[in-house]
Amino acid sequence: MIRITFPNGSVREFSKGVSSYEIAQSISQGLANEVYSATVNGELWDLSRPVETDATVRLHKWDDAEAKHAFWHSSAHLMAEALEVLWPGIKFGIGPAVENGFYYDVDPGDGKVITDADLPLIEEKMKELAAKNSPINRSVVSKKEAMELFTAKGDEYKTELISELEDGTITLYRQGNFTDLCRGPHLRDTSQIKAIKVLSLAGAYWRGDEKRKMMTRIYGITFPKQKLLDEYMVMIEEARKRDHRRIGKDMELFAFSPKVGMGLPLWLPKGADMKQRLIDFMTKVLKTRGYVMVSTPHIGNVDLYKTSGHFEKYGADSFRPITTPQEGETFMLKPMNCPHHCEIYNATPHSYKELPIRMAEFGTVYRYEMSGELHGLTRVRSFTQDDAHHFCRPDQLKEEFKSIIDLVQYIFKIAGFNEFTAQISLRDPSNRDKYIGTDENWEKAEQAIIEAAGEKNLTTTIAIGEAAFYGPKLDFMVRDAIGRKWQLGTIQVDYNLPERFELTYNGSDNQKHQPVMIHRAIFGSMERFVAVLIENTAGKFPLWLTPDQAVVLPISEKFNDYAKTIFNLLNNSDIRTLIDDRSEKIGKKIRDNELKRIPYLLVIGEKEVEAGTVSVRRQGEGDKGVMKPKDFISLVREDISKEIGN
RNA sequence: GCCUCCUUAGCUCAGUGGUAGAGCAGCUCACUCGUAAUGAGCAGGUCGUGGGUUCAACUCCCAUGGGAGGCUCCA
C-alpha cells in the first residue's frame with residue numbers, strides 16, 4: 001500500500017500502482033469525469049499514469065490551468081492525427097497548448113499548401129477521430145528508438161528535437177494510429193474532447209528563427225462541453241465588436257491613409273479633441289506632482305543618438321537619416337525623447353538641492369516597424385509618448401520609483417482600469433554581454449525596483465532576461481472589461497545615459513556627482529492608450545472624456561427653437577452637446593443616438609417647452625425624468641467630478 | 001520582411017466568364033410624432049491599381065498597393 005496526501009492535508013491509502021484517475025474515482029465518479037490531469041509530487045502527470053510510491057496528489061479540474069494545458073495539448077495531438085490522415089506524409093514541428101487553445105506547426109510537404117478552406121475538413125476529421133474514444137498511451141523509449149521511429153517516418157523536425165534531448169527522458173504518446181514525441185501529460189483518451197474548433201492558419205518560422213523554414217501553424221481550441229465553446233465564440237465575437245479599429249472608424253476618431261503612409265495615424269477632429277483632453281488632464285496632474293513640462297524637436301542630429309547609444313543599437317533599423325542640402329549635416333527622426341531631455345538637463349547647472357527633477361513631455365517619436373507588424377493604433381510608426389524622465393540622486397531612486405507607482409495607480413483608476421498587474425523585468429545574469437553598465441549599478445537598480453514595488457503592495461511577477469539593455473524595468477499590465485491583458489505604463493532605471501551625456505550635479509560636498517535617470521510613461525503612448533480605452537469601454541467613454549456628452553432631441557420641428565436654446569446654453573456651459581433636429585420620430589432619434597454612444601439624451605417636447613425643462617435619458621439606463629437645464633448642468637458637472645475629482 | 005487569407009457604394013456584405021445588387025447611412029418629399037428603427041422617392045461604385053489570357057474579365061493568371069491573422073521584431 002502507498003500513502004497519498006491530498007492538498008487539504010488528508011491522507012489515504014491505495015494499492016501500489018494506482019492511477020490518479022482511480023484515486024479520483026475513489027472519491028466519486030463525478031469528480032473522476034471532471035478531472036483532466038494531476039500534479040504528483042510537484043510534477044504534472046497523466047491521470048492514467050500509475051503512482052508507485054507515497055505521494056502528494058493534486059487533481060486538476062477544468063478551471064485549473066494545468067487541466068486546460070493537458071486538454072489542449074492532447075487536442076493538438078488529435079489535430080495532428082487528423083492532419084496525418086488528410087495529408088499523408090505531412091511533417092510535424094511542435095504542437096503545444098497555449099493560453100487559449102493550441103496550435104501545431106506542420107510542413108505539408110513540397111508544393112502542398114493548407115488553406116483556410118481546409119480548416120472545416122480538419123475539424124470534421126478531428127471530431128470523427130475523437131469519437132473513436134482512442135486511449136492515449138504513454139511510453140518511455142530510448143533516444144535510439146525514438147530516432148529510428150521518426151527517421152523512418154521521414155520527420156526531420158522531430159529528429160532535430162530528439163537529437164537535443166537527453167537519453168532516458170524521452171516519452172512518446174500514442175492514440176489510434178498516431179504517435180508523437182511528447183513530454184505530456186495527456187488526457188486518458190480522446191473522448192473527453194467534445195467541442196472542437198479549428199480557428200486559423202498562420203506562418204511561423206521553424207524554431208522561431210527567421211532564417212529557417214516557414215512552417216504552417218494551425219490554431220484550434222477545444223472544450224469538454226459544447227456550451228463552453230459557444231461561450232468562447234461569443235467572447236471572440238465580443239472582442240471583434242470592441243476592436244478599436246472598427247470603433248475608431250465608426251466614431252470618427254482616427255483614420256489611416258495609404259497616401260500619408262502606413263502606420264501613420266491621422267487624428268480626426270473628435271479623436272484629436274479626445275487626445276488633447278487626455279493630455280490636458282495628465283498635464284494638470286503632473287504639475288501637482290512636481291513635474292516640469294518641456295518641448296523638443298521632432299528630429300535630432302545623428303551625433304545625439306551616437307552619444308546615447310541608440311544609433312549603434314537601432315540605427316540600421318530606423319528610418320533613414322535626413323541630410324541638409326548645403327552643410328551635409330545628418331539628422332534622424334526622433335525615436336526617443338530621452339537624449340533631448342538629457343541635453344535640457346545639461347543646459348543649466350544643477351545642485352543636489354534641486355533634485356529630483358521630473359521632466360515631462362508629450363513627445364512624438366518615429367520608429368520604423370516592419371510592415372507586417374503594424375496594427376491599428378497599438379503598433380504604429382509615429383506616436384506621442386506621455387514621456388518623462390526623473391533625474392535624481394542615487395539615494396532618491398526608491399522614493400522616485402514609489403512616486404511613479406503611485407501616479408500610475410491614480411491614473412489607471414481614473415481611466416477605469418481597476419485590475420492591473422506589474423512585471424519586474426530583470427537582466428539575465430547568464431547573458432551579461434547583452435547589457436551595458438556595471439554589475440553594481442544593475443544590482444542597486446534591481447533592488448530599488450523590487451523594494452519599491454513591495455512597499456507599494458503591487459502584485460508583481462518577475463521576468464528574468466526581459467530588462468532593457470540599459471536597465472531593469474517595471475511594466476504595468478491592465479485587464480480589460482472582457483479579461484484581456486494590455487501593457488500600458490512602464491518605468492525604467494537608466495545609469496547609462498547619465499554617463500554617456502556626462503550629466504552632473506553639485507553635491508553637498510561641492511563635488512560633481514552623476515544623477516540616476518528614470519524613464520517612465522503612464523499611458524505608454526496616446527495612440528496605444530486610446531486604443532486600449534476604446535477596447536475596454538467598447539467606445540462608451542467616461543463622460544469627461546467622450547467626444548459628445550449630450551444630444552438634444554426635439555420631438556417635432558415645432559420645438560426646434562427651444563431645443564436650439566438648450567443646445568446653445570449647454571455648449572456655452574462647456575458641455576459638449578449636439579442637436580438632432582432631423583424630421584424623425586423620437587424613438588428613431590433615441591435609437592440612433594444611443595448607437596452613437598452619447599451619454600445623455602435630452603428629449604424636448606411640448607411639456608418641456610411649457611415648463612422650461614429638459615427630459616433626461618442616460619445612455620443604457622433609460623429615462624431619468626425631467627429637470628431644469630441648470631440642474632442638468634450641475635448633474636453633468638457632478639458626474640465628471642466623480643470621475644476625475646476636482 | 002516572411003506565411004495564409006482578404007480587397008465590390010460612406011458602412012456591413014451578396015454576386016456571375018456575357019461590362020453590378022441589398023440593408024444601413026446620405027439627400028428630397030410627406031408625416032409633426034413622447035423614450036431603441038414612419039413611409040415614399042432619389043442619388044451613390046470605371047468592382048484597390050497595372051498588366052496578361054479571352055470574342056468578352058468584377059469573375060481566370062501575374063505583378064503591385066492596402067488590410068487581417070500569425071511569425072520575427074519592439075529603444
Student: In terms of side-chain heavy atoms, does A:D581 have a donor or acceptor partner in A:N560 at a distance below 3.5 Å?
Tutor: no
Student: Give me the distances for all protein-to-nucleotides 23-27 of chain B N/O pairs that come in under 3.5 Å?
Tutor:
from, atom 1, to, atom 2, distance (Å)
B:A25, OP1, A:K588, NZ, 2.5

Student: Could you tell me whether A:E237 and A:R240 have a side-chain N and a carboxylate O separated by less than 4.0 Å?
Tutor: yes
Student: Please state how far atom CG in A:D209 lies from atom C1' in B:C2, giving the value in whole angstrom units.
Tutor: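 Distance, rounded to whole Å: 12 Å.
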Student: Would you tabulate the pairs of protein nitrogen or oxygen atoms and nucleotide nitrogen or oxygen atoms of nucleotides 29-32 of chain B closer than 3.5 angstrom?
Tutor:
from, atom 1, to, atom 2, distance (Å)
B:C31, N3, A:S583, OG, 3.3
B:C31, N4, A:S583, OG, 2.3
B:U32, O2, A:S556, OG, 3.2
B:U32, O2, A:E557, N, 2.9
B:U32, O4, A:E557, OE1, 2.9
B:U32, O4, A:E557, OE2, 3.3

Student: Rounded off to whole Å, could you give me the CD1-to-P distance for the A:I122 and B:U4 pair?
Tutor: 15 Å
Student: Could you tell me whether A:D480 and A:R242 make a salt bridge, using a distance below 4.0 angstrom between a side-chain N and a carboxylate O?
Tutor: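 Looking at A:D480 and A:R242, the cut-off is not met.
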Student: For the residue pair A:F529 and A:V532, establish whether any side-chain heavy-atom pair is separated by less than 4.5 Å.
Tutor: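 When only atoms from C-beta onward are counted, A:V532 and A:F529 do not touch, as no gap falls below 4.5 Å.
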Student: Can you check the distance between B:G45 and B:U38, where both ends of the measurement are the C1' atom (answer in whole Å)?
Tutor: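 The answer is 29 Å between these two C1' atoms.
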Student: How long is the span from the CZ atom in A:F391 to the CG atom in A:N346, to the nearest 0.5 Å?
Tutor: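 Here the rounded value is 8.5 Å.
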Student: Determine the Euclidean distance between corresponding C1' atoms of B:G23 and B:A9; express it in Å to zero decimal places.
Tutor: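 So the two C1' atoms sit 12 Å from each other.
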Student: How about A:Y495 and A:Q514: does a side-chain donor come under 3.5 Å of a side-chain acceptor?
Tutor: no
Student: If we ignore hydrogens and angles and just use 3.5 Å, is the side chain of A:W72 paired with the main-chain N or O of A:T222 as donor and acceptor?
Tutor: yes
Student: Rounded to whole angstroms, how far apart are CG on A:L119 and C1' on B:U4?
Tutor: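 One finds 10 Å between C1' of B:U4 and CG of A:L119, rounded.
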Student: Would you call A:E160 and A:K213 a salt bridge, taking side-chain N to carboxylate O under 4.0 Å as the test?
Tutor: no
Student: Return the 5'-most residue of the pair A:E210, A:G605 with respect to RNA chain B, ranking by each residue's nearest nucleotide.
Tutor: A:G605
Student: With sequence neighbours left out, what residues match A:R591 under side chain to side chain contact (heavy atoms under 4.5 Å, CB included)?
Tutor: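 With sequence neighbours excluded, A:R591 shows a side chain to side chain contact (heavy atoms under 4.5 Å, CB included) to A:L595, given in chain and number order.
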Student: Please report the distance separating the C1' of B:C60 from the corresponding atom of B:A56, rounded so that it comes out in whole Å.
Tutor: 13 Å
Student: Could you give the distance separating B:A40 and B:A36 at their P atoms, to the nearest angstrom?
Tutor: 23 Å
Student: Taking the P atom in each of B:G17 and B:G41, what is the distance between them to the nearest angstrom?
Tutor: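 So the two P atoms sit 32 Å from each other.
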Student: Whole angstroms only, please: what is the CG-P distance between A:L199 and B:U4?
Tutor: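 About 20 Å, once rounded to whole Å.
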Student: Taking the side chain of A:R591 as its heavy atoms from C-beta onward, which of B:A75, B:C73, B:A37 lies nearest to it?
Tutor: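 Of all the options, the side chain of A:R591 is nearest to B:A37.
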Student: Return one dot-bracket line describing RNA chain B 5' to 3' (Watson-Crick or G-U wobble pairs, both distances under 3.5 Å; ( ) same strand, [ ] crossing, | another strand, . none).
Tutor: (((((((..((((....[..)))).(((((.......))))).....(((((..]....))))))))))))....
Student: May I have the distance from A:D107 (atom CG) to B:U4 (atom P), rounded to whole angstrom?
Tutor: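 So the CG-P distance, A:D107 to B:U4, works out to 12 Å.
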Student: Between A:R217 and A:D105, is there a side-chain N and carboxylate O pair less than 4.0 Å apart?
Tutor: yes
Student: Less than 4.5 Å apart, side chain to side chain, heavy atoms only: is that true for A:P599 and A:R618?
Tutor: yes
Student: Looking only at atom C1', what distance separates B:C42 and B:C2, rounded to whole Å?
Tutor: 49 Å
Student: Taking only N/O atoms, report every protein-nucleotides 60-70 of chain B pair under 3.5 Å with atom names and distance.
Tutor:
from, atom 1, to, atom 2, distance (Å)
B:A68, OP1, A:R245, NH1, 2.9
B:A68, O3', A:R245, NH1, 3.4
B:G69, OP1, A:R245, NH1, 3.3
B:G69, OP1, A:R245, NH2, 2.9
B:G69, OP2, A:R245, NH1, 3.4
B:G69, OP2, A:H375, ND1, 3.1
B:G70, O3', A:Y219, OH, 3.2
B:G70, N2, A:G203, O, 3.4
B:G70, N3, A:G203, O, 3.4

Student: Would you kindly give the NZ-to-C1' distance between A:K589 and B:U38, to the nearest whole Å?
Tutor: 13 Å
Student: Among the candidates B:U35, B:U4, B:C73, find the nucleotide nearest to the side-chain atoms of A:R617.
Tutor: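 Looking only at heavy atoms from C-beta outward on A:R617, the closest nucleotide is B:U35.
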Student: Heavy atoms only, 4.0 Å cut-off, all strands: where does A:K313 land among base, sugar-phosphate and nothing?
Tutor: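 Nothing, no heavy atom under 4.0 Å.
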Student: Are A:D592 and A:K588 close enough for a salt bridge, meaning some N to O gap below 4.0 Å?
Tutor: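 Salt bridge between A:D592 and A:K588, a charged N being under 4.0 Å from a carboxylate O: yes.
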Student: For B:C73, does the base pair up with any side-chain atom of A:R379 as donor and acceptor (N or O, under 3.5 Å, distance only)?
Tutor: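 Indeed, a donor on one side and an acceptor on the other fall under 3.5 Å apart.
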Student: Where the side chain of A:D623 is defined as all heavy atoms beyond and including C-beta, which of B:U35, B:U4, B:G34 is the nearest nucleotide?
Tutor: B:U35
Student: Summarise how protein sits on nucleotides 6-17 of chain B as a single string, 5' to 3': B when a protein heavy atom is under 4.0 Å from the base, S for sugar-phosphate-only contact, - for no contact.
Tutor: ------------
Student: Which whole number of Å gives the distance between the P atom of B:C24 and that of B:U4?
Tutor: 40 Å
Student: For A:T216, answer base if it contacts any base atom (sugar-phosphate contacts may also be present), sugar-phosphate if it contacts only those atoms, and nothing otherwise; contact means non-hydrogen atoms under 4.0 Å.
Tutor: nothing
Student: With the threshold set at 4.0 Å, does a side-chain nitrogen-carboxylate oxygen contact exist between A:K558 and A:E606?
Tutor: no
Student: If you look at every strand shown and take non-hydrogen atoms under 4.0 Å, does A:F559 touch a base, only sugar-phosphate, or nothing?
Tutor: nothing
Student: Whole angstroms only, please: what is the CD1-P distance between A:I218 and B:C5?
Tutor: 13 Å
Student: Quick one: do A:E164 and A:R207 make a salt bridge, cutoff under 4.0 Å?
Tutor: yes
Student: Does A:K197 make a cation-pi contact with A:Y232 (under 6.0 Å, within 45 degrees of the axis)?
Tutor: no
Student: Look at the side chain of A:E608 against the base of B:G34 and say whether a donor-acceptor pair falls under 3.5 Å; ignore hydrogens and angles.
Tutor: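 Yes, the side chain and the base share a sub-3.5 Å donor-acceptor pair.
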Student: More 5' along RNA chain B: A:M336 or A:G208, using each one's nearest nucleotide?
Tutor: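 The residue mapped nearer the 5' terminus is A:G208.
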Student: Is a salt bridge present between A:D250 and A:R597, judged by a nitrogen-to-oxygen distance below 4.0 Å?
Tutor: yes
Student: When you compare B:G50 with B:A57, how far apart are their P atoms, in angstrom units rounded to a whole number?
Tutor: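 Straight-line distance between the two P atoms is 14 Å.
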Student: Can you list the steps and then say if A:D639 with A:Y600 is a side chain to side chain donor-acceptor pair (under 3.5 Å)?
Tutor: CA-CA 11 Å; A:D639 279 358; A:Y600 279 110; 2.4 Å; yes
Student: B:C5 C1' sits how many Å from A:I114 CD1, rounded?
Tutor: 14 Å
Student: Less than 4.5 Å apart, any side-chain heavy atom of A:Y345 and any of A:M517?
Tutor: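 Not touching, per the 4.5 Å side-chain cut-off.
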